Amino acid sequence: MDQPLIFCGSSHPELGEEICRFLNVPNGKISLSRFPDGEVAVEILENVHGRNVYVVQTLAGDPNNYLIELLIIMDALKRASAKKIVPIVPYFAYSRQDRKDRCGEPITARLVADLLSAAGADQLITLDLHAAQIEGFFNIPVTHIHCQELLAAASKQYLEQPAIIVGPDIGSIKIAEKFARALSLEMAVIEKQRKSSSLVDMRLIGNVKDRNVLIVDDMCSTGHTMIRAALLCQKEGAREINCAFTHPIFSAQAVEEMSAAPIKHLIFANTIPTNDRALGFKNGHCISVAGLIAQSIER
Ligand code: R5P
């Protein structure tokens, strides 16, 4: 079998290099820079003719620039006659707009799917899409990797019994079920009811009293969802509260605000580089998904 050729965009080279180490293949040589006017300049410095090529590019931190860079890298690979082009997008940006709630709104998840296909993607590898139905926006195969078992195994050591899994909103039920199954625990979920534009009523369905809690979700952006859930669990008599999620977006003051909340441990994947931001949280535990991605490439 041909060795896969793996290129890294500029969003998360550490993860790309780790995947290469897992597969024992060298990192594909590529030049990424900017033209004087700010446009992205790409040059593939390998012979990719007839090869299966993978491009690792996560779409967080500076999602607009990273998306354009990914599209341009794929275009360069296509024009250099790569046989199969597979973007590996650990965090798929714009996924939260996956339907129209009101007239005048876009469906950005579909737009990004179309852009990847137009740039030449033959397959997509991604992790924990915000909604599984986004797979249906593609007419190419999508390898959708789920991280809940990995994160559950990593969370176990921080979760003393008696413990319970909590989904912070109804949308997180499926994720909570996966954690609960992996850890053989009961689960609870928080239901939100919007009373007015500024008032949201939260109700916990389940019993967290005198239990240690693991709040689980697909992503943490501002951290407000986790913080509100942690405060409600605290009010309902929970003991220690921890959070586990796949994508550490950590926008705005997320790390600072979560540090001030009743949250002990944060367990998250390295789908997005966290560097200094995660270090701001004293019990942050970053779990690598490089092995999961490498396995799916091997398969
Ligand atoms: C929402 O549907 C998502 O699953 C997350 O709960 C949400 O995006 C987290 O955002 P934030 O951290 O800003 O509350």
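Keep in mind that what you see is a predicted model, and the values were worked out from it rather than measured. Counting starts at 1 for both ligands and their atoms, following the listed order. This chain uses plain numbering: 1 for the first residue, then up along the sequence.
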*Asks:* Quick check on His130 - does any of its heavy atoms sit under 4.0 Å from an atom of ligand 1?
*Replies:*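 Yes, that is the case, since the closest heavy atom of the residue is under 4.0 Å from the ligand.
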*Asks:* In terms of atom number and element, which parts of ligand 1 are under 4.0 angstrom from non-hydrogen atoms of Asp218?
*Replies:*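 Per the distance check, 3 (C), 4 (O), 5 (C).
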*Asks:* Look at atom 5 (C) of ligand 1 and say which protein heavy atom is nearest, naming residue and atom and giving the distance to 0.1 Å.
*Replies:*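 Of every protein heavy atom, Asp217 OD2, 3.4 Å lies nearest to atom 5 (C) of ligand 1.
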*Asks:* Give the atom numbers and elements of ligand 1 that come within less than 4.0 Å of a heavy atom of Gly223.
*Replies:*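 Going through ligand 1 atom by atom, the ones under 4.0 Å from Gly223 are 11 (P), 12 (O), 13 (O).
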*Asks:* How far apart are the closest heavy atoms of Val289 and Ala269, and which atoms are they?
*Replies:*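 For Val289 versus Ala269, the nearest heavy atoms are CG1-CB, 3.7 Å.
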*Asks:* Checking side chain to side chain contact (heavy atoms under 4.5 Å, CB included) against Ile6, which of Ile293, Val86, Val56 comes through?
*Replies:*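 Between Ile6 and the candidates, side chain to side chain contact (heavy atoms under 4.5 Å, CB included) is satisfied uniquely by Val56.
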*Asks:* From the options Thr271, Ile175, Ile272, select the one residue that forms a side chain to side chain contact (heavy atoms under 4.5 Å, CB included) with Thr246.
*Replies:*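 Option passing the side chain to side chain contact (heavy atoms under 4.5 Å, CB included) with Thr246: Thr271.
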*Asks:* Less than 6.0 angstrom separating the ring centers of Tyr158 and His285, yes or no?
*Replies:*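 Yes, close enough.
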*Asks:* Short list, please: which atoms of ligand 1 are under 4.0 Å from a heavy atom of Cys220?
*Replies:*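 Here the atoms of ligand 1 in question are 12 (O).
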*Asks:* Could you tell me if any non-hydrogen atom of Arg96 lies under 4.0 Å from any atom of ligand 1?
*Replies:*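 Right, Arg96 reaches ligand 1.
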*Asks:* Please list the nearest protein heavy atom to atom 9 (C) of ligand 1 with its residue and the distance rounded to 0.1 Å.
*Replies:*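 Among all protein heavy atoms, the one nearest atom 9 (C) of ligand 1 is Thr225 OG1, 3.6 Å.
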*Asks:* On a heavy-atom basis, which atom in Ala176 and which in Ile165 lie closest, and how many Å separate them?
*Replies:*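 Closest approach of Ala176 to Ile165: O-CG2, 3.8 Å.
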*Asks:* Kindly give the heavy-atom pair with the smallest separation between Ser11 and Glu69, and that separation in Å.
*Replies:*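 Closest pair (atom of Ser11, atom of Glu69, distance): N-OE1, 4.5 Å.
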*Asks:* Looking only at protein heavy atoms, which one is nearest to atom 11 (P) of ligand 1, and what is the separation?
*Replies:*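 The closest heavy atom on the protein side is Thr222 OG1, 3.3 Å.
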